[in-house]
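For reference, positions follow the sequence shown, starting with 1.
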Amino acid sequence: MSHLAPVSAAATAASTTPPAISAWPDVDSLYRRFDELVKQPMRPIRPAAMAQVMRYFDERCQNSRRLAEQAKAVIPGGVQHNLAFNHPFPLAIAQAHGAHMTDVDGNHYIDFLQAGGPTLLGSNHPVVRQKVDEVLDSCGPVTGLLHEYEVKLAELVCQSLPSVDMVRLLGSGTEAVMGAVRLARAYTGKKWIIKVGGAYHGWSDQLVYGMRLPKTGRMEAVGIPRGATGNTQECNPNDLDALRRRLQLNRLRGGTAAVLLEPLGPESGTRPVHPGYNAQVRALCDEFGALLIFDEVVTGFRVGMGGAQAYFGVMPDLTVLGKCLTGGYPMAGAIGGRRDIMMMLVGGIGTTAKRAFVGGTLSANPLSCVAGYHALLEAQRLDAAGVAGRAGDRLCKGLAGIIDRLGLPYVTYNMGSIVHLQTSGVLLLDTSSLLKLLRVKNEAKARKHMMEEMGAAYTAHGLITLAGSRIYTSLADTDEVIDDALNRFEDVFKLV
């Protein structure tokens, strides 16, 4: 069976519509520009202009500040999720609809965070909410037993993703990655896992390794015993020779269970891969008897109903899903894959079958499943990924024009509805060796602070982004919304 071509009817039908990623960026050109960005002095917002930005938070966000201070007394750092921490303090949101949010002080924002990516339809989509309300009225959010929407959602996922024959629903992307790694080891009988350095695959002990910056190994593995990451390895993105060497060495030590990657490149394409990279990794996995796991927590349904695997025409053995899977509702996580592998996740108490054990009391609850089913149906009906992708194209083209006109060194590019805006370059520093990592340590702090200040300036101009460097567009982002946003971004860039 070929691993290099989509096979599902859904993928074939999707090929008749324009792809959600209209064109893959010129990767070599991007890396040259990344290198230029980090080799020159930073171009932050001027100190006097930054003082003006901070006055916005002092004068216009007093209720958010009060809630943020109140939260610090009972929540470590005052936030439950890293997405919520924004300089100088987290905003408290009162309303979210479509492309916009309103905070507790009544300030309005264009929402380019979209909850970190799940709300492809825009926030609080009315069709999905109506269906959720119906299920809540009939049986509440959870029963502990089988529900029809559990089956409907699984069927729709299997119909949509080319490589997926069966699905096991879990609580989050982190849980799904944990399960996929365990499943790969159980199926192959091998222990080594190779990830692409710089990627984030959740916060399980074994994968807090080489996160966000390649070749940083256990830098963030505080509180994690060395044994937990003892069988986790990393290779730089696009470095196929290094991956081959790893696979060869592992073959002498029992073999590689799986190669785990984000198909756009680490951190949703922050370090983009060449367009043929995934197919070449697939071939290496076949050569060395390793499974290929696609982490499509972000890309699943956001780059089209068939995910990144349909876009690239590469069939992973296992796929990890999250975010868009339940349309922004909680308990969004799943493992999908080939039937023979997935059958090792068979459930039931006291089964005698060899299996990889996973669990979760609230996994596949009716609330999450009805939300996911109807969110994906609406996304399919309305070509949400395509519409959001074209909004991303318009935004990226506009940002590039502003950056060029103002003579700034910033770099912007997009893969459909995932738009990257690199101003400080903190995630692009060269950390390929321990010596280089030590050399850039102080510079990284300064560049991180600049990125935080840029994010604060966007917020003060009515724009909510992911950490000031990533933007998610949605079905709700009309041309008028994008053009309004571009005017606001230009106002920020003029403060530099």
Side-chain angles (χ1 to χ4, degrees), residues 21-43 194-200 210-217 234-246 259-281 284 295 298-299 303 308 311-312 314 392-393 395-397 399-401 403-404 407-416 418-437 439-441 443-444 446-448 450-451 454 466-471:
I21 300 177
S22 60
W24 193 252
D26 183 334
V27 174
D28 290 330
S29 173
L30 280 179
Y31 277 98
R32 286 193 295 270
R33 294 173 65 197
F34 294 163
D35 193 48
E36 292 169 2
L37 177 63
V38 298
K39 282 185 175 178
Q40 61 184 283
M42 292 183 292
R43 294 287 301 276
I194 304 172
K195 61 163 288 188
V196 175
Y200 176 72
M211 288 206 315
R212 297 191 173 87
L213 294 171
K215 294 294 184 181
T216 52
E234 62 171 319
C235 290
N236 281 347
N238 295 308
D239 193 340
L240 291 161
D241 290 337
L243 178 57
R244 173 176 285 278
R245 289 193 297 271
R246 284 281 188 196
V259 176
L260 171 64
L261 57 80
E262 293 182 65
L264 301 189
E267 285 285 338
S268 301
T270 296
R271 293 175 184 263
V273 295
H274 289 282
Y277 176 76
N278 293 296
Q280 292 168 308
V281 174
L284 283 173
D295 183 339
V298 172
T299 56
V303 300
Y311 176 76
F312 289 110
V314 176
D393 290 344
L395 179 63
C396 188
K397 181 179 179 181
L399 287 170
I403 289 167
D404 185 60
L408 296 169
Y410 306 155
V411 182
T412 186
Y413 60 99
N414 72 304
M415 292 94 161
I418 303 168
V419 183
H420 295 270
L421 175 57
Q422 297 291 345
T423 57
S424 77
V426 63
L427 293 176
L428 307 173
L429 294 169
D430 186 354
T431 57
S432 59
S433 70
L434 180 61
L435 180 60
K436 289 179 178 178
L437 178 61
R439 282 176 178 169
V440 302
K441 190 174 181 180
E443 182 182 355
R447 288 186 179 273
K448 179 175 181 289
M450 177 190 161
M451 183 175 72
M454 293 298 296
L466 197 165
S469 63
R470 197 181 311 159
I471 291 163

Separation between CG (Leu427) and CE (Met451), nearest 0.5 Å, reads 5.5 Å

Check the pair Val303, Met415 against side-chain contact (heavy atoms from CB on, under 4.5 Å), reporting the backbone distance first and the verdict last.
-> CA-CA 8 Å; Val303 300; Met415 292 94 161; 5.6 Å; no

To the nearest 0.5 Å, what is the distance between CD (Gln280) and CG (Leu240)?
-> 4.5 Å

For Tyr200, check ring-ring contact (aromatic ring centres under 6.0 Å, His included) against everything at least two apart and list the hits.
-> none

Counting distance only, does the side-chain N/O of Asn236 pair as donor-acceptor with the main-chain N or O of Pro214 below 3.5 Å?
-> no

Check the pair Asn414, Leu395 against side-chain contact (heavy atoms from CB on, under 4.5 Å), reporting the backbone distance first and the verdict last.
-> CA-CA 9 Å; Asn414 72 304; Leu395 179 63; over 6 Å; no

Taking all atoms of both residues into account, what is the closest heavy-atom pair of Val27 and Pro275, and its distance?
-> CG2-CD, 4.5 Å

Take Leu284 and Val259 through the side-chain contact (heavy atoms from CB on, under 4.5 Å) test and state the conclusion after the steps.
-> CA-CA 10 Å; Leu284 283 173; Val259 176; over 6 Å; no

Under the side chain to side chain contact (heavy atoms under 4.5 Å, CB included) test, residues paired with Ala242 that sit two or more places apart | Cys235, Asp239, Arg245

Going from CG on Leu37 to OG1 on Thr423, what distance comes out if it is rounded to the nearest 0.5 angstrom?
-> 7.5 Å

Does some side-chain heavy atom of Ile403 sit less than 4.5 Å from a side-chain heavy atom of Leu421?
-> yes

Given side-chain contact (heavy atoms from CB on, under 4.5 Å), test Asn278 with Leu261 step by step and report yes or no.
-> CA-CA 9 Å; Asn278 293 296; Leu261 57 80; 3.3 Å; yes

Measure the OG-CG distance between Ser268 and Asp295 for me, rounded to the nearest 0.5 Å.
-> 8.5 Å

If a pair satisfies salt bridge (charged side-chain N to carboxylate O under 4.0 Å, His left out) and one of its residues is in residues 259-271, list it, with sequence neighbours excluded.
-> Arg212-Glu267, Glu267-Arg470

Report yes if the side chains of Leu30 and Pro272 come closer than 4.5 Å at any heavy-atom pair, otherwise no.
-> yes

Closest non-hydrogen atoms of Pro263 and Val273, given as atom of the first, atom of the second and distance, are O-CG2, 3.4 Å

Short side-chain to backbone donor-acceptor contact, Tyr410 and Leu399, under 3.5 Å | no

Measure across Thr270 and Tyr413 and return the closest heavy-atom pair with its distance rounded to 0.1 Å.
-> O-OH, 3.0 Å

Non-hydrogen side-chain atoms of Thr299 and Leu264 separated by less than 4.5 Å = yes

Non-neighbouring partners of Lys448 that pass salt bridge (charged side-chain N to carboxylate O under 4.0 Å, His left out), sequence neighbours left out = Glu452

Residue pairs involving residues 23-35 (criterion salt bridge (charged side-chain N to carboxylate O under 4.0 Å, His left out); sequence neighbours excluded) = Asp35-Lys39

If every non-hydrogen atom of Ser22 is compared with every non-hydrogen atom of Asp393, which pair is closest and at what distance?
-> OG-OD2, 2.8 Å

Does the side chain of Met454 come within less than 4.5 Å of Ser424's, by heavy atoms?
-> no

Donor-acceptor pair, side chain of Thr412 and main chain of His420, under 3.5 angstrom | yes

Give the minimum heavy-atom separation between Lys195 and Gly210, together with the two atoms involved.
-> NZ-O, 3.2 Å

Under the salt bridge (charged side-chain N to carboxylate O under 4.0 Å, His left out) rule, collect the residues that match up with Glu36, sequence neighbours excluded.
-> none

Roughly how far, to the nearest 0.5 Å, is the CG atom of Leu429 from the CZ atom of Phe34?
-> 12.0 Å

Looking at CZ of Arg43 and CG of Leu408, how far apart are the two atoms once the value is rounded to the nearest 0.5 Å?
-> 5.5 Å

Can you name the closest pair of heavy atoms from Gly197 and Glu234 and give their distance?
-> CA-OE1, 3.2 Å

